[in-house]
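Worksheet: the structure to be examined is printed underneath.
Lettering follows sequence order; numbering is per chain, from 1.
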There are 2 protein chains.
Amino acid sequence: MTKRITIANVAKEANVSMMTVSRAMNNKKGISQETRQKILEIAERIGYRPSGVARALATNRSSTIGLVIPDVANPFFSQITRGAEDLAYLSGYNVFLVNTDENIDREKAALNSLLEKQVDGAILCSSRLSCEDLNKYIEDFPYTVLINRDLDLLVENSATINVDDSFGTQQAISHLVALGHTKIGLFAGPEESTSSQRRMNGYLQGLENNNLPIEESLVVSSSPNTNGGYQATKDLLSKRNDVTAILAFNDLVAFGIYQACEELEYSIPDDISVIGFDDIPLAALMKPSLSTLRTDKRELGHQAMQTLITLINNDEDIAREQTIQPALILRDSG
Amino acid sequence: MTKRITIANVAKEANVSMMTVSRAMNNKKGISQETRQKILEIAERIGYRPSGVARALATNRSSTIGLVIPDVANPFFSQITRGAEDLAYLSGYNVFLVNTDENIDREKAALNSLLEKQVDGAILCSSRLSCEDLNKYIEDFPYTVLINRDLDLLVENSATINVDDSFGTQQAISHLVALGHTKIGLFAGPEESTSSQRRMNGYLQGLENNNLPIEESLVVSSSPNTNGGYQATKDLLSKRNDVTAILAFNDLVAFGIYQACEELEYSIPDDISVIGFDDIPLAALMKPSLSTLRTDKRELGHQAMQTLITLINNDEDIAREQTIQPALILRDSG
DNA sequence: CTACCATACGTTAGCGTTAACGTAAATCCT
DNA sequence: AGGATTTACGTTAACGCTAACGTATGGTAG
């Protein structure tokens, strides 16, 4: 490994001080056009690359952001990641991506490592940390944005962005009611999932809004996958053959509903309407095509990054608690 | 923002030199158990967090790795990312994730920013750079691992990992031949895609291995999506009604084949066998379930990271050109 | 003509850490 | 016993950059 070319090399070659080179490289004022040009040419010629590490040490800014998510392999988070990274790129930041696997210890380890790396800010997605721990970390990071996680006390250096699952679910119910449905089933997801809880709230609220009774037997919990939907359908329809519509926890669950309905010879949407959640690519390909609630995850990631960068730069006041609305995509299933 | 707690604070509090604190924090020898313990307690108590930036400057090692991919939102790359990050985490590295969108300028910008950030190594996925540019960057990075990209001259500080698409395709053909097929169609993907080229090679080689003639009209290019498969099927079957098997560029293309076959009233696999590529979750859910060639992308990412870290640590000799074999997953479609 | 100011630089002193070397005391070996 | 080695520290000097301040030069206003 040959020795690194430093700002001193450029300075000597150009017969100026390091400070002048620094000004030239960073487009700062207090330097004439000619010298700047000359320095930039020399830098280019001798292959000088500024050391981000040294700069970070000197300025106390790393131009680096931490993004903490449960699992990039999950399309939900990979899309958020994409939206966030795109804006980071445009704004001159690099992003550290960390997976937690919804494991608290791993999440803590991730946050600690980001703290050591001295990121300028962090975006935490679906954090599993206790409120106490979370608050401690928020204090330690310069700035933090939380996605899909509420916070009791919202401090100066943080903001939250949440998907309004409750509202989305209410929308879906209103749509189904408008179609004449009154016996609407809900396939709830894992109990510990906050989005599952929010959808449950939305479901109850939606029924109330439309003056429909709440019947416990219409709510079935299901694993968040195809098989979960299949099982839940068999389960529900064996008990309640008056059900005419089902809200699935997500599109895969909806696909499971399709499979069960085919077996049981229920027709979608004639006998049963189905509405999914997520709008995965498969949704449009299913037969009949699946109506579903889509949240723009890329936009979500973008908005989180935008918020974080605004906080960092302290440009302007920004909403501390933001919300993203899912959109009801109507297709053929209900 | 309160002032950062530094190693000096800990040193003063513990009545030792900074060097001793450094030794304690980094588990280095030349320090007694008692002092180490005492120092660690004090560090914990006053909330000392070592500055990774300062450490990187002093040691010339950032414990940071750059991962450059076309698009995290694409499941293929998000899984690679996951596999890579997992190992990075275990090995004490953080990874910078960058998307290029297959845009050469953005890729260069990404690499430049990683160079500035002084990553200890980089993993480049499906790089679109010219050989010349690529070689220049490989020279600039301490270490580089390329995924799905060949390199003419393989320098000391680099390695490549490629998916053996050709072999996978040959496997599929041998399987189809064993089933009695002789007229096997290929739906090739985008021409500029190297995996498409490799599969074409594998296709030709596979036919030759099995003493089958090469017929140009059996090869149709298709967009890498459902619609592409749909169109290509209609196209192919209108010209060649003797085709009894099709290799799809990927599983979505295969899904398009299914749709076209349903319309044309061809039965799968009775009239036509179909084999996909990728094994996306949908593959197992399709009717009939789709036989496909699966490459373990997580393993691919893991292996790339493993190789990079081995290069960095210079632990042991490592294969400079590695290959990952896709596995033929046999289901009901052929 | 002086006082003031802007412009274009240079100097100095860190940022927080560790490598490399120095040193004093304890331990060991023959 | 006396030199060699080991252990447990401390000192010094970087790593590469920039903030903050200093200085010289020329212009400008009154």
Side-chain angles (χ1 to χ4, degrees), chain A residues 1-40 42-43 46-64 92 113 115-120 142, chain B residues 1-40 42-43 46-64 92 113 115-120 142:
Chain A
M1 207 102 74
T2 71
K3 214 166 165 57
R4 177 172 258 272
I5 296 165
T6 77
I7 206 172
N9 302 130
V10 183
K12 186 188 284 182
E13 185 78 15
N15 254 311
V16 296
S17 74
M18 297 193 321
M19 207 43 224
T20 301
V21 177
S22 172
R23 278 186 269 253
M25 298 301 298
N26 298 300
N27 265 310
K28 293 213 173 162
K29 58 181 182 179
I31 182 176
S32 73
Q33 268 313 315
E34 314 146 52
T35 26
R36 161 167 295 144
Q37 207 50 46
K38 184 180 75 175
I39 289 173
L40 290 182
I42 291 176
I46 70 177
Y48 167 63
R49 280 187 202 279
S51 157
V53 169
R55 175 181 294 151
L57 186 59
T59 60
N60 199 28
R61 269 188 161 239
S62 62
S63 296
T64 275
S113 77
L115 245 13
E116 277 212 4
K117 288 286 183 334
Q118 290 168 265
V119 296
D120 294 336
Chain B
M1 207 103 74
T2 71
K3 215 169 165 55
R4 176 171 259 272
I5 296 164
T6 76
I7 205 172
N9 302 131
V10 183
K12 185 187 283 182
E13 184 78 16
N15 253 312
V16 295
S17 74
M18 297 192 319
M19 208 42 227
T20 301
V21 177
S22 173
R23 277 186 269 254
M25 298 300 298
N26 298 299
N27 265 311
K28 293 213 172 160
K29 57 183 182 179
I31 183 176
S32 72
Q33 268 315 314
E34 314 146 53
T35 25
R36 161 166 294 143
Q37 207 50 45
K38 185 180 73 176
I39 289 171
L40 291 181
I42 291 176
I46 70 177
Y48 167 62
R49 282 188 202 278
S51 157
V53 169
R55 175 181 295 152
L57 185 60
T59 60
N60 200 26
R61 270 185 159 242
S62 62
S63 296
T64 275
S113 77
L115 244 12
E116 276 211 7
K117 288 286 184 335
Q118 289 167 267
V119 296
D120 293 336

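Residues Glu116(B) and Pro50(A) meet the side-chain proximity criterion, which asks for heavy atoms closer than 4.5 Å. Put simply, the side chain of Met25(B) reaches to within 4.5 Å of the side chain of Leu40(B), judged on heavy atoms.
Here the shortest heavy-atom pairing between Asp120(B) and Ser63(B) reads OD2-N, 2.7 Å. Residues Ser62(A) and Ala56(A) come closest through the heavy atom pair CA-CB, 3.9 Å.
Regarding Leu57(B), its CG atom lies at a distance of 8 Å from the C1' atom of dC17(D), rounded to whole Å. In this entry the distance linking CG of Asn60(A) with C1' of dG14(C) reads 13 Å, nearest Å. Between Gln118(A) atom CD and dT17(C) atom C1' the separation is 11 Å, expressed in whole Å. Atom CD1 of Ile46(A) is separated from atom P of dG16(D) by 13 Å (rounded to the nearest Å). Distance Met18(A) CE to dC15(C) P: 16 Å, rounded to the nearest Å.
For Ala54(A), counting side-chain heavy atoms from C-beta on, the closest listed nucleotide (dA19(C), dT17(C), dC17(D)) is dC17(D). Of the candidates dT18(C), dT11(D), dC17(D), the closest approach to any side-chain atom of Ala58(A) belongs to dC17(D). Nearest to the side-chain atoms of Met19(B) among the listed nucleotides dC17(D), dG10(D), dG10(C) stands dG10(D). Taking the side chain of Lys3(B) as heavy atoms from C-beta on, and the options dC15(C), dC15(D), dT18(C), the nearest nucleotide is dC15(C).
Of all the residues in residues 20-39 of chain B, Thr20(B), Arg23(B), Gly30(B), Ile31(B), Ser32(B), Thr35(B) reach under 4.0 Å from DNA chain D with at least one non-hydrogen atom. Across residues 4-12 of chain B, Arg4(B), Thr6(B), Ile7(B) each have a non-hydrogen atom less than 4.0 Å from an atom of DNA chain C (numbered order).
Here the OG1 atom belonging to Thr35(A) is positioned 12.5 Å from the CG atom belonging to Asn15(A), to the nearest 0.5 angstrom. Between atom NZ of residue Lys38(B) and atom CD1 of residue Ile31(B) there is a gap of 9.5 Å, rounded to the nearest 0.5 Å. The distance from atom OH of Tyr48(A) to atom CD1 of Ile7(A), rounded to the nearest 0.5 Å, is 4.0 Å. In this structure, OG in Ser51(A) is found 11.0 Å from NZ in Lys117(B), a value given to the nearest 0.5 Å.
Checking Thr59(B) against Ser17(B), the closest nucleotide of DNA chain D that is more toward the 5' end is the one next to Ser17(B).
Applying the 4.0 Å criterion to OP1 and OP2 of dG16(C), one finds that Ser51(B) has every side-chain N and O outside that range.
In this structure, Val53(A) reaches neither bases nor backbone, as no heavy-atom distance under 4.0 Å exists between it and the strands shown.
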Report task. Might you work through the side chain to side chain donor-acceptor pair (under 3.5 Å) test for Arg55(A) and Asn26(A), ending with a clear yes or no? Result -> CA-CA 11 Å; Arg55(A) 175 181 294 151; Asn26(A) 298 300; 3.3 Å; yes
